[in-house]
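Hydrogens, waters and symmetry mates play no part in the numbers below; they use all other heavy atoms, side chains included. Nothing fancy with the numbering, it's 1 onward along the sequence.
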Amino acid sequence: QVHLVESGGGSVQAGGSLRLSCTASGNTYNMSCMAWFRQAPGQEREGVAKIYTVSGRPWSGDGGRFTISQDNAKNTVYLEMNSLKPEDTGMYYCAAGVGRICTILPGSYKYWGQGTQVTVSS
C-alpha cells in the first residue's frame, strides 16, 4: 500500500505561480510512475504531468507552464505551475502507478491522494 499526501494548493491571481508537493509513504519501492491530475467541477479528471520514478523522465502538458520534478530522497514529487489561468482551477490529485509504462490516463494509476485545491482568479 502507498499513501500519498498533497500540499501547496491555494488561491492565486491569473499569471501567478504555485508549487504543489506530493509525499509518498508505505511500499514506495513498487512505484514506477507518479503523475498529477486536475479535475475541474463537473469535468473529468485529466492528466497534466507525469514522471518515471526511476529514470526521472518527465512529461508535462499545458505548453510548458507546468513542470514536474521529484526528490527521491524525500519520496516527494512536485508540480511547479506558472502563468496560471482561471481555467487551471480545480482539484489537483497526485497519483502513483506500478506498471511498466507511465501513461497519463487515470485508470493506469493505482494509488491516489486526497487532492489539493487550486483556485485561479481573473
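A donor-acceptor pair under 3.5 Å is formed between the side chain of T53 and the backbone N or O of M31. The closest donor-acceptor contact from the side chain of Q1 to the backbone of N27 lies at 3.5 Å or more, if one exists at all.
When all heavy atoms of Y92 and M81 are compared, the pair lying nearest together is CE2-SD, 3.7 Å. Annotation for S17 and S83: closest pair OG-N, 4.3 Å, computed over non-hydrogen atoms. A35 and I104 make their closest contact through CB-CD1, 4.4 Å (heavy atoms, listed as atom of the first residue, atom of the second, distance). Closest approach of D88 to R38, counting heavy atoms only: OD1-NH1, 2.9 Å. Of all the heavy atoms in G115 and M91, the pair that sits closest is C-SD, 3.7 Å. P86 and S121 make their closest contact through CG-C, 4.5 Å (heavy atoms, listed as atom of the first residue, atom of the second, distance).
Side-chain contact check for Y109 versus F37: some heavy-atom pair is nearer than 4.5 Å. Residues Q43 and E46 fail the side-chain proximity criterion, which asks for heavy atoms closer than 4.5 Å. For the pair Y29/V2, no side-chain contact is recorded, criterion being any heavy-atom separation below 4.5 Å from C-beta on. Using a 4.5 Å cut-off on side-chain heavy atoms (C-beta onward), V118 and L20 make contact. Side-chain atoms of C94 and Y78, non-hydrogen and from C-beta on, never get closer than 4.5 Å to each other.
How far CZ of R65 is from CD of E80: 12.5 Å, rounded to the nearest 0.5 Å. Distance check, rounded to the nearest 0.5 Å: NZ of K50 to CZ of R57 gives 7.0 Å. For the atom pair K85 NZ and S122 OG, the distance stands at 13.5 Å (nearest 0.5 Å).
Relative orientation of the W112 and Y93 rings is perpendicular, given thresholds of 30° and 60° on the angle between their planes.
Clustering ILVMFWY residues whenever any of their side-chain heavy atoms sit less than 4.5 angstrom apart, transitively, puts I51 in the very cluster that holds L79.
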- Check step by step if side-chain contact (heavy atoms from CB on, under 4.5 Å) holds for M34 and L4. CA-CA 10 Å; M34 292 192 75; L4 303 173; 3.9 Å; yes

- Please lay out, stage by stage, how R100 and S32 fare under the test side-chain contact (heavy atoms from CB on, under 4.5 Å). CA-CA 7 Å; R100 290 183 60 189; S32 55; over 6 Å; no

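Side chains of N75 and T23: no donor on one and acceptor on the other come within 3.5 Å. In the model, T89 has no side-chain atom that pairs as donor or acceptor with a side-chain atom of T119 under 3.5 Å.
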